[in-house]
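Report on one structure; see the data block that follows.
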Amino acid sequence: MTFQLLQPTSLAEACDLLAAAPDDAVPIAGGTDLLSEIRDGTASPATLVALDAIADAGLYGISDTADGGIRIGALTAIAGIAADAGIRRRYAALAEAAAGLATPQVRNLGTLGGNLNQRPRCWYYRHPLTVCLKRGGDRCYAVPGVGKYLCITGGDRCFIVHPSDTAVALATLGASVSIASAAGARTVAINDYFTGPDVDLMRENILQPGELLTGVTLPPPPDGQRSAYLKARERESGDFALVSVAAAITVVDGAITQASVTLGGVAPTPYRAADTETYLQGRPVSAVTPAEAGAVAIANPRPLPDNAYKIPMAANLVTRSVTNLLTTA
Ligand SMILES: Cc1cc2nc3c(=O)[nH]c(=O)nc-3n(C[C@H](O)[C@H](O)[C@H](O)COP(=O)(O)OP(=O)(O)OC[C@H]3O[C@@H](n4cnc5c(N)ncnc54)[C@H](O)[C@@H]3O)c2cc1C
């Protein structure tokens with residue numbers, strides 16, 4: 001297929017180019033996801049707006065914020081996030097999620113913005129010959145087909161799981177995302193950024209045509225907080241999560257003062273394990289039974305015929321995660 005490639009050198013120019021053709025132009029960062037979509041015929045944009053020649057410093061790198069948190073530019077490579085000493089020390093769940101995703105090549109080329117905005121991996125959506133609901137077709141092929149990698153909660157006609165590991169960690173760590181367009185800038189909590197098929201079958205987030213994600217901001221972690229990311233997958237390298245969990249727990253004077261737990265691989269968006277959080281919140285560490293925290297990880301799961309294995313997998317990952325965090329706290 002043919003497309004034109006535009007290479008703006010400023011964020012403002014990129015926003016103007018996207019605004020000029022909101023239905024035809026899409027941004028491209030590292031290209032590790034979008035180019036495979038184009039190659040496979042899943043996406044066919046008329047115009048690519050390349051972000052890699054943009055000089056605006058705010059799109060790159062990791063910097064401290066005035067309140068003691070950090071900001072990560074959208075064009076920061078995943079490998080840079082995994083290797084950053086400050087992130088590894090203060091936001092371990094994010095560093096671990098970044099270090100364990102994809103392959104070294106993809107982590108070097110892929111960006112945070114691209115990771116958060118990558119399209120789903122459902123193999124029916126990705127197959128050139130199965131034009132599913134998400135591609136404007138009239139049916140979901142997964143329900144009568146093979147659904148072992150798909151969601152066990154939150155499905156609505158479409159049963160994708162959210163593919164990004166960093167999204168799950170960022171949700172647990174209370175991140176917000178910055179968005180820019182020719183019309184201006186806005187900031188939203190990451191928990192309000194991702195949307196499921198019940199909101200819009202064709203999209204996975206609130207980004208509108210013409211908008212760009214410019215960065216992610218993390219608040220300072222509370223004193224005493226520890227966080228971690230665990231991921232179950234079929235292969236050790238280059239594989240998406242069957243189920244993952246990002247957990248952050250703050251212990252003060254022997255009691256849990258804050259608990260945040262998010263699951264990946266189980267729902268079309270990062271899934272907040274609200275009942276686990278409620279179980280942990282305020283509880284003395286000595287009164288925590290990790291398996292009880294894990295048992296309530298997913299409220300009312302509705303698995304497909306071949307993916308109920310994800311229910312005990314989620315419970316076990318949460319159990320391990322809570323055990324690890326409390327024994328190192
Ligand atoms: C073999 C393989 C294994 C993988 N395994 C994992 C895994 O285990 N876990 C995981 O999380 N990911 C995994 N991935 C996905 C990979 O992490 C993404 O392909 C990568 O992060 C995308 O970044 P990119 O910069 O290359 O994005 P691109 O391919 O350039 O863009 C991806 C999408 O995001 C949009 N986009 C890019 N930047 C922006 C922006 N700033 N604002 C708005 N929209 C934007 C593009 O329009 C496009 O739709 C894997 C990929 C491969 C090829």
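Counting starts at 1 for both ligands and their atoms, in listed order.
Checking D165, L35, I78 against atom 11 (O) of ligand 1, the nearest heavy atom belongs to D165. With distances taken over non-hydrogen atoms, the option nearest atom 33 (C) of ligand 1 out of L18, L11, N117 is N117. Considering A74, G100, G114 only, the shortest heavy-atom separation from atom 37 (C) of ligand 1 involves G114.
Contacts of T103 with ligand 1, taken as heavy-atom pairs under 4.0 Å, are absent altogether. At a 4.0 Å heavy-atom cut-off, ligand 1 touches V106 through the side chain alone. Residue-level proximity to ligand 1 for P163 is carried by the backbone, the only part with a heavy atom below 4.0 angstrom.
Of all protein heavy atoms, the one closest to atom 28 (P) of ligand 1 is G31 N, 3.5 Å. G238 O, 4.3 Å is the protein heavy atom nearest to atom 1 (C) of ligand 1. Atom 17 (O) of ligand 1 has N115 ND2, 2.9 Å as its closest protein atom, hydrogens excluded (heavy atom only). When only non-hydrogen protein atoms are considered, atom 18 (C) of ligand 1 lies nearest to T32 OG1, 3.5 Å. Given atom 14 (N) of ligand 1, the protein heavy atom at minimum distance is F240 CZ, 3.2 Å. Protein heavy atom in closest approach to atom 48 (C) of ligand 1: L34 CB, 4.1 Å. P27 O, 3.1 Å is the protein heavy atom nearest to atom 46 (C) of ligand 1. In this structure, atom 15 (C) of ligand 1 lies nearest to the protein heavy atom Q118 OE1, 3.2 Å.
In this pair, W123 and Y149 present their aromatic rings perpendicular. The plane angle is above 60°, beyond the 30 to 60° band.
Annotation: side chain of S244 is not in contact with side chain of E96 (no heavy-atom distance under 4.5 Å). Side-chain contact between R272 and S260 is present, with at least one heavy-atom pair separated by less than 4.5 Å.
Those atoms of ligand 1 with a heavy atom of S164 less than 4.0 angstrom away are 11 (O). For ligand 1 and G30, the ligand atoms under 4.0 Å from any heavy atom of the residue are 24 (P), 25 (O), 26 (O), 30 (O). Numbered from 1 in the order shown, with element, the atoms of ligand 1 that lie under 4.0 Å from a heavy atom of I28 read 30 (O).
Ligand 1 is approached by K231 to a heavy-atom distance shorter than 4.0 Å. Residue contact annotation: D239 has a non-hydrogen atom under 4.0 Å from ligand 1.
R119 CZ: more than 12 foreign heavy atoms inside a 6.0 Å radius. The environment of CG in D253 is sparse: at most 12 heavy-atom neighbours from other residues, nucleotides or ligands sit within 6.0 Å.
Close N/O approach between E211 and ligand 1 is not found [any backbone or side-chain N/O within under 3.5 Å]. Between L213 and ligand 1, an N or O atom pair is found at a separation short of 3.5 Å. By the 3.5 Å distance cut-off applied to N or O atoms, T166 is not counted among the residues near ligand 1. At least one N or O atom of A29, backbone or side chain, sits closer than 3.5 Å to an N or O atom of ligand 1.
Scanning all heavy atoms of the two residues, the minimum distance from E204 to M202 falls at OE2-O, 4.0 Å. Scanning all heavy atoms of the two residues, the minimum distance from T250 to Q225 falls at OG1-CB, 3.4 Å. The shortest non-hydrogen separation linking A248 to L325 is N-CD1, 4.4 Å.
Ion pair R283/E292 not flagged as a salt bridge, since none of the NZ, NE, NH1 or NH2 atoms sits closer than 4.0 Å to an Asp/Glu carboxylate oxygen. D156 has no carboxylate O lying under 4.0 Å from a charged side-chain N of R302, or vice versa, which leaves the two without a salt bridge. Under 4.0 Å is where a charged nitrogen must lie from a carboxylate oxygen, and between R126 and D33 at least one such pair does.
Remark: side-chain polar atoms of Y279 are paired, donor with acceptor, to backbone N or O of T289 under 3.5 angstrom.
Here OH of Y271 is found 5.0 Å from OG1 of T153. Values are rounded to the nearest 0.5 Å. Separating the CG atom in L59 from the CG atom in D52 is a distance of 11.5 Å, to the nearest 0.5 Å.
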